[in-house]
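Shown next, in structure tokens, is the structure this report addresses.
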Amino acid sequence: MDFIRSMVLRDLETGKYDGRVVTRFPPEPNGFLHIGHAKSLCLNFGIASEHPGGRCHLRLDDTNPDTEKAEFVEAMKRDIRWLGFDWGPHLYHASDYFEQLYRYALVLIDKGLAYVDSSTEDEIRERRGSVTRPGVDSPWRNRAPGENRDLFRRMRAGEFADGSHVLRAKIDMAHRNMVMRDPILYRIRHASHYRHGDDWPIYPMYDFAHCMSDSLERVTHSLCTLEFENNREIYDWLLEHVDAPQPRPEQTEFAPLVLDYVITSKSKLRPLVEGGHVRGWDDPRMPTLAGLRRRGVTPAAIRAMCDMVGVARAQSRVDMAKLEFAIRDDLNDKAPRAFCVLDPLKVVLTNYPEEGTETFTAPRFPGGAGDGGVRELPFGRVVFMDRSDFEETPPPGFRRLTPGGEVRLKYAYVIRCNEVVKDGEGKVTELRCTVDPSTRGGVAPRGRRVRGAVQWVEPKSAVRAEIRLYDRLFSVAEPPLEDLLGTLNRGSEQIVTGALLEQGVAGTRPGDHYQFERIGYFFADPEDCGEGAPVFNRTVTLRDSWKARKRGAATGADGVRGEPVRPRGPASAQQRPPEEALRTDGERLWFTELVELGASEAASINLARAPELRAVFLAARTEYPDGADSIAAWLVNEITRLLGSGAAYDIGRLAPEALADLVEAVDEEEMSHRQGRTVLEALLREGGEFEGMRQRLDLEEIGDEEALLAILRGMMETYPEKAAAYRGGQTGLLGFFVGGVMKRTKGKADPRKASELAARLLSDPEGVATAQKR
RNA sequence: AGCCCCGUGGUGUAAUUGGCAACACGUCUGACUCUGGAUCAGAAGAGUCCUGGUUCGAGCCCAGGCGGGGCUACCA
């Protein structure tokens with residue numbers, strides 16, 4: 001389960017959204033959906049479908065009239081349906097909210113939280129500052145709400161030219177988050193919107209439109225990719241300040257899908273289309289859903305891949321092999337087998353009758369997959385096999401046909417090559433072979449082992465077809481966005497016109513899947529595949545360990561993968577003293593003082609920065625001066641942890657005297673560290689003094705050796721192999737046994753003793769037993 | 001440089017309250033007399049970026065460091 005699904009579950013348990021689960025998929029209709037969107041689609045629609053009453057909205061985020069088109073909307077809807085998702089009645093458009101958005105903007109203006117800025121674009125940019133330099137206020141920043149209202153109303157009325165004014169949120173021009181430096185909410189754009197024509201001369205910006213749209217639709221979980229991380233702050237700010245209804249949607253970011261050898265930037269994909277480097281948005285080499293579909297990739301395969309990839313916050317690159325696996329896995333029992341000879345080489349069977357013919361049958365799906373049907377393969381004196389299945393000088397390990405060697409024509413005969421005929425240039429034009437009649441129809445010839453089996457085609461019945469072999473569009477795993485064209489894979493499309501296929505594919509209809517045996521999965525092109533003139537796109541090759549081995553031998557290394565993508569930098573040995581991390585003089589002063597008072601350096605760093613903890617430390621130390629180091633350690637290690645856990649712990653309730661007493665009790669071994677921790681938790685929750693709390697709590701600890709040993713023996717009997725592994729050197733297993741004891745005693749066992757006993761018992765069961773007897 | 005996010009086998013993700021580092025892809029081996037590719041069986045491969053701290057016990061808690069990414073559009 002990924003972190004987002006866990007979060008949704010948690011929200012369901014706590015009733016945060018009254019049991020509602022509403023997600024949304026909000027593409028901007030300015031291009032085609034691609035494989036990266038598929039991940040988001042699977043996530044959003046997936047989560048919605050996993051909960052009763054859950055739903056996922058399709059919302060076109062159409063707030064920029066310059067780039068958006070109705071045709072993109074239609075393409076998106078088609079692609080989403082194709083992928084297998086259904087938004088039901090929940091189709092929305094951000095542009096339909098323009099009126100409400102406008103009113104929300106007015107709310108901000110009236111609250112003095114938004115203003116009309118009449119600066120130029122350059123001025124605004126200049127005044128924004130930089131990541132290291134604070135911005136400066138616009139001279140228009142302090143216009144009165146009335147004036148802002150009037151100006152904004154006139155912006156809407158169309159009185160002003162593009163770029164003359166913008167509406168901005170009034171937040172903080174020195175904000176550490178650049179997004180919060182008075183972000184622009186509205187701009188003037190006299191452009192025709194594909195849905196609303198010239199109704200609006202002003203358009204809301206993403207930050208404003210997005211959160212408001214989510215809120216208007218009562219979305220619960222607004223999921224987006226990592227690059228919007230910094231925008232979360234403005235998302236929350238805006239909803240809060242327009243008094244959006246509770247509970248408000250919350251944005252959560254996840255890592256986008258990044259595939260090796262693939263780019264998923266719409267702005268980078270467009271030049272490929274427009275520059276004629278591919279045949280269109282649906283070119284089979286494109287990562288668009290339309291392209292993948294045309295290539296023959298199935299929706300199920302894409303969904304399966306997204307499933308494999310998972311959802312997390314860590315940036316990652318996914319190996320193409322995962323997609324390829326998903327495709328093969330899905331097509332394996334969907335695509336009937338057929339013979340295809342890409343590069344035909346004539347084979348004359350010299351001992352076969354001149355006019356002889358016969359027909360063999362072969363399964364449509366071998367190995368029990370599929371429908372169990374058969375296909376018929378005519379056979380004759382002349383057949384064609386693939387040129388690559390014959391080698392005059394075979395490399396070691398070659399299992400196909402060689403001069404004087406044998407190979408099995410699959411489902412027909414084993415043949416032996418007796419003669420190689422060449423043309424004037426030395427090119428092999430014909431193989432003269434003999435069939436072994438005893439091997440007819442694939443009947444096992446006893447005592448004979450023929451390793452190679454190849455596909456073949458009988459010419460008179462064969463079907464000609466155009467075959468398009470596709471490979472990755474880019475030659476490097478991580479195409480550089482500045483020089484995409486330079487890394488285009490020149491051989492990404494290879495068109496084969498002279499291929500011969502078995503007769504059965506004559507009836508192929510556009511959109512049919514096949515597996516051409518030993519070659520790969522192919523898809524009858526939905527556009528170009530015509531009656532009697534089939535055109536097939538290679539969806540994906542089959543796994544090929546032979547090719548992989550040859551490639552490895554040829555390059556001496558990994559020929560495909562290229563450079564490691566993410567070199568892990570060795571941590572440089574430069575370790576500076578930790579106090580250099582302290583930022584202010586005040587903190588540094590405290591640091592030295594705390595160290596002098598007896599706190600360790602590591603703890604002092606913490607205390608120097610945290611006034612509340614420090615105050616407790618100082619007070620507790622006066623109660624128990626010798627324990628300064630321990631007190632500091634408890635404060636930093638245990639208290640910080642508890643406070644950070646989000647539970648109902650409050651440092652304010654902890655009396656320094658109580659802490660001092662507690663630490664002293666542990667130091668004096670009046671109680672274990674573990675018991676101390678239990679008391680501390682209670683003190684942080686309820687306050688009070690130490691001794692009283694200690695009396696009240698059930699701090700009983702099982703220290704009785706007999707009892708602990710009994711539990712340990714029980715565990716050793718239950719997990720004899722673990723005990724053996726421990727003795728074999730896997731000492732890490734000690735934690736397994738101690739942990740087991742802790743669990744069985746509900747945390748009551750004295751861990752130190754349990755650990756000690758476990759170590760003794762595990763390494764020498766007999767010794768402990770005899771010691772026990774005595 | 002500032003702020004934010006993220007570091008777990010080659011790749012992608014898991015790991016309940018701190019208690020056996022798991023799954024998938026990939027790789028390799030073997031079996032299967034008919035795909036060198038299907039299928040089945042098996043194996044190798046990380047001790048969790050580094051250094052320290054807390055703890056009986058740390059992938060998980062604390063500190064520091066290193067590395068990667070995002071943010072300075074009137075795009076989304």
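In what follows, every chain begins at residue 1, and chains take the letters A, B, ... in the order their sequences are listed.
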For the residue pair [X] and [Y], is the inter-centroid distance of their aromatic rings smaller than 6.0 Å?
X       : Y       : value
Y413(A) : F360(A) : yes
Y235(A) : F228(A) : no
Y186(A) : F152(A) : yes

For a quick check of understanding: with a heavy-atom distance under 4.0 Å over all strands, which category does [X] fall into, base, sugar-phosphate or nothing?
X       : result
V738(A) : base
V741(A) : nothing
R127(A) : nothing
E28(A)  : sugar-phosphate
V309(A) : sugar-phosphate
F398(A) : base
T120(A) : base
G520(A) : nothing
S119(A) : base

* Structure fact -> With both pairing distances under 3.5 angstrom for Watson-Crick or G-U wobble, and | for a partner in another strand, the correct string for RNA chain B is .((((((..((((.....[..)))).(((((.......))))).....(((((..]....))))))))))).....
When you compare the protein's N or O atoms with those of nucleotides 53-55 of chain B, which come within less than 3.5 Å of each other, and at what distance?
residue	atom	partner	partner atom	Å
rG53(B)	N2	N637(A)	OD1	3.1
rU54(B)	O4'	N637(A)	ND2	3.3

* Apply the side-chain contact (heavy atoms from CB on, under 4.5 Å) test between F254(A) and each candidate in L226(A), T225(A), D2(A); give the one that qualifies. => T225(A)
* Asked: Applying salt bridge (charged side-chain N to carboxylate O under 4.0 Å, His left out), which residue pairs with at least one partner in residues 119-135 of chain A are found, sequence neighbours left out?
  -> D122(A)-R125(A)
* Which of the following nucleotides, rA76(B), rU13(B), rC5(B), is nearest to the side chain of S316(A)? -> rU13(B)
* What nucleotide, of rU13(B), rA73(B), rA1(B), holds the atom closest to the side chain of T132(A)? -> rA1(B)
Using atom names, set out every protein N or O paired with an N or O of nucleotides 69-72 of chain B below 3.5 Å, distance rounded to 0.1 Å.
residue	atom	partner	partner atom	Å
rG69(B)	O4'	Q315(A)	OE1	3.0
rG70(B)	N2	N230(A)	ND2	3.1

Separation of [N] [atom2] from [X] [atom1] (nearest whole Å):
X       : N       : atom1 : atom2 : value
D172(A) : rG2(B)  : CG    : P     : 19 Å
F365(A) : rU39(B) : CZ    : P     : 14 Å
E123(A) : rC74(B) : CD    : P     : 13 Å
L323(A) : rA24(B) : CG    : P     : 19 Å
R313(A) : rA14(B) : CZ    : P     : 12 Å
F736(A) : rG18(B) : CZ    : P     : 18 Å

* To do: Indicate whether OP1 or OP2 belonging to rA76(B) is found under 4.0 Å from a side-chain N or O atom of T63(A).
  => yes
* Asked: With respect to the phosphate group of rG36(B), does any side-chain polar atom (N or O) of R451(A) fall under 4.0 Å of OP1 or OP2?
  -> no
* Asked: Is the glycosidic torsion of rG47(B) within 90° of 0, making it syn, or is it anti?
  -> syn
Between [N] and [M], how many Å separate the two [atom1] atoms, rounded to a whole number?
N       : M       : atom1 : value
rA46(B) : rG26(B) : C1'   : 15 Å
rA14(B) : rG47(B) : C1'   : 16 Å
rA73(B) : rG9(B)  : P     : 36 Å
rA21(B) : rC60(B) : P     : 14 Å
rU8(B)  : rU48(B) : P     : 12 Å
rG64(B) : rC71(B) : P     : 26 Å
rC4(B)  : rA44(B) : C1'   : 40 Å
rG10(B) : rU27(B) : C1'   : 9 Å

* Please answer whether rG36(B) and W546(A) are stacked, defined here as ring centres separated by less than 5.5 Å and planes angled under 30°. => yes
* Structure fact -> Applying ring-ring contact (aromatic ring centres under 6.0 Å, His included) to W456(A) and not counting sequence neighbours gives F339(A), F379(A)
* Asked: With distance as the sole test, does R181(A) use its side chain to make a donor-acceptor pair with the main-chain N or O of H175(A) at under 3.5 Å?
  -> yes
* **Listed partners of R538(A) passing side-chain hydrogen bond (donor to acceptor under 3.5 Å, both in side chains), at least two apart** => none
* Tell me, with the steps shown, if R232(A) and Q251(A) meet side chain to side chain donor-acceptor pair (under 3.5 Å). => CA-CA 6 Å; R232(A) 187 172 64 232; Q251(A) 171 179 314; over 6 Å; no
* Walk me through it: do H673(A) and R752(A) pass the test side chain to side chain contact (heavy atoms under 4.5 Å, CB included)? => CA-CA 10 Å; H673(A) 192 277; R752(A) 205 185 292 250; 5.6 Å; no
* Donor-acceptor pair under 3.5 Å: do we get one between R400(A)'s side chain and the base of rG36(B)? -> yes
* L613(A) and V636(A): CA distance, side-chain angles, deciding distance, side chain to side chain contact (heavy atoms under 4.5 Å, CB included) verdict -> CA-CA 8 Å; L613(A) 292 179; V636(A) 168; 5.6 Å; no
